[in-house]
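Structure, as structure tokens:
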There are 2 protein chains.
Amino acid sequence: MMNHTNASQRLHEQLGTLIADTRPGDRLPSEPRLARELGVSRATLREAMRTFETQGMIRRQQGSGTYVTHPVHIIESGLEVLESIESMAQRIGLVVSMGKLAVEQRPPTAAEAQALQLEDGCQVLFLARVIHAEGRPVAYLIDTIPDHLLQTKDLDENFTGSALELLKNSLVLQSSRCEINAVTATSEVAKALGIQRGDVLLRFEATLYSMDGEIVDYSFSYFLPGVFRFHVVRKVE
Amino acid sequence: MMNHTNASQRLHEQLGTLIADTRPGDRLPSEPRLARELGVSRATLREAMRTFETQGMIRRQQGSGTYVTHPVHIIESGLEVLESIESMAQRIGLVVSMGKLAVEQRPPTAAEAQALQLEDGCQVLFLARVIHAEGRPVAYLIDTIPDHLLQTKDLDENFTGSALELLKNSLVLQSSRCEINAVTATSEVAKALGIQRGDVLLRFEATLYSMDGEIVDYSFSYFLPGVFRFHVVRKVE
DNA sequence: CAGTGGTCTAGACCACACG
DNA sequence: GTGTGGTCTAGACCACTGA
């Protein structure tokens, strides 16, 4: 076989069986050791591990080790209806919780001002938080909301991470325009989700409209592939 | 320099300005030379280049060089309606064409048989092709169709790459169920699209239903991020 | 043929986790 | 402190392109 991909493929298979043979929660051998045992360099091994990490089969924790993860139920959702992650998870009996939360009240960036169609001098409430399912980070959500609609003081200890639920309290919402793309994780997002910079993520960029046509929320949502299964029914013609 | 991300960020900025200052179509300095000039190793430089390649700003061609690409018009489409890429492109006045085409008539794999709900002994028509826009590969499409619906002989020289148009000729179609995910390119797909293995792609996995409820097509579509902008309107409640 | 990008190696230093 | 993963380096060999 001249095919030079066989080396990578073989390594991929070896890693796959190793992970399959390891009990969930257990730790894999360290990278230097595993690289030696498999006869490849650490860089190559890490590249091969990336796929499994992306699929959520292993979790790498700096300073501690690489662990085989417990399989996570897949969160499935149609995209036609806007739904919070909690709501999606609840439907399949999955427990989700909010991890790190960052709140800022500040002037909007140029992009935010444009997306929200804000006048000069307005401020926005900025929310960034990690969503966990079964103890693992699975999504990173960023919302930017005009501060005449929502302010820091409106966030109490009952805030679960869903900006949607929060806005529903004081507004009648209409719909969200959501752009879908595939991106690689920046350092910031990678850190929040416990993955590596450069790993692949599904990204939603959305603007939320209230019933009277006002833009009330501009958000970025980053989802771990493998945990979420989003679908849409597309009609012909 | 305490912040270790500053090195990467600075490199990213340097690369960005270099690309911006280079005329589209022109070649960048070679990797070894550029790495020397920027004071980083080739591996680090290549990692930094990956982002720009993903965004379609540069094109790397083995044995030849790295070129700054001409900006491509963005192909925008809503997902509610199933539409061929040609049709999408036509709306914005973009010329698309089919690149490499592979056709097979063979028994289905287990996954294909399950997705298409085929009985034993059936055969399928397998279509894989690259779609180009403005001379650049932008999508890789794979369709699997039961061979009682479509056969190799039905593909004439007028085949443009759209399985949808082909099926419309003989069937009344209803809708498509499309799962959306972010993936990294396999060697096969990377080669077809002229990107690197491991680069990020948007993937649609779809099953197409005819008006009488029969599954008539099972497909995977891989899209270059940056070229396509898919959106969906999500209603509240 | 020389030069390019694609891949891999061995080794190093760092920030971090955990005892 | 010790060992982990995260990152970077210098160098090598390969497949491929194009003169």
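Not measured: the values here are computed from a predicted model. In what follows, chains are A, B, ... by sequence order, proteins preceding strands, each numbered from 1.
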Proximity to the side chain of [X] - top-ranked nucleotide from [options]:
X      : options               : answer
A:R46  : C:dA15, D:dT7, D:dT4  : D:dT7
A:Q62  : D:dA10, C:dT4, C:dA15 : C:dA15
A:T44  : D:dG6, D:dT9, C:dT9   : C:dT9
A:Q61  : D:dG18, C:dC18, D:dT9 : C:dC18
A:R42  : D:dA12, C:dC8, D:dT7  : D:dT7
A:P32  : D:dG5, D:dT9, C:dC16  : D:dG5
A:Q196 : D:dC8, D:dG6, C:dG5   : D:dG6
B:S30  : C:dT4, D:dG6, D:dG5   : C:dT4

Worksheet item: side-chain contact (heavy atoms from CB on, under 4.5 Å) between A:I195 and A:E53: does it pass, once the steps are laid out?
Response: CA-CA 8 Å; A:I195 59 177; A:E53 191 191 15; 4.1 Å; yes
Practice prompt. Please tell me which of B:G65 and B:A43 maps to the more 5' nucleotide of DNA chain C, matching each residue to the nucleotide holding its nearest heavy atom.
Written response: B:G65
Spacing between [X] atom [atom1] and [N] atom [atom2], to the nearest angstrom:
X      : N      : atom1 : atom2 : value
B:L34  : C:dG3  : CG    : P     : 18 Å
B:R27  : C:dG5  : CZ    : C1'   : 11 Å
A:D26  : D:dT4  : CG    : P     : 16 Å
A:K191 : D:dG5  : NZ    : P     : 17 Å
A:L45  : D:dT7  : CG    : C1'   : 15 Å
B:E31  : D:dC14 : CD    : P     : 18 Å
A:E47  : D:dT7  : CD    : C1'   : 14 Å

So does [X] get a side-chain nitrogen or oxygen closer than 4.0 Å to the phosphate oxygens (OP1/OP2) of [N]?
X     : N      : value
A:R60 : D:dG6  : yes
A:S64 : C:dA17 : no
A:R50 : D:dG6  : no
A:T66 : D:dG5  : yes

Practice prompt. Describe the nucleic acid contact of A:G39 in one word from base, sugar-phosphate, nothing, applying a heavy-atom distance below 4.0 Å.
Written response: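 Contact class for A:G39: sugar-phosphate only.
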Item to complete: Look at the rings of A:F52 and A:H12 and say which category their plane angle falls in: under 30° parallel, 30 to 60° tilted, over 60° perpendicular.
Response: parallel
Discussion item. Is the ring pair A:Y218/A:F220 parallel, tilted or perpendicular, if the boundaries are 30 and 60 degrees?
Written reply: perpendicular
Discussion item. Between A:R197 and B:Y67, which residue's closest nucleotide on DNA chain D lies nearer the 5′ terminus?
Written reply: A:R197
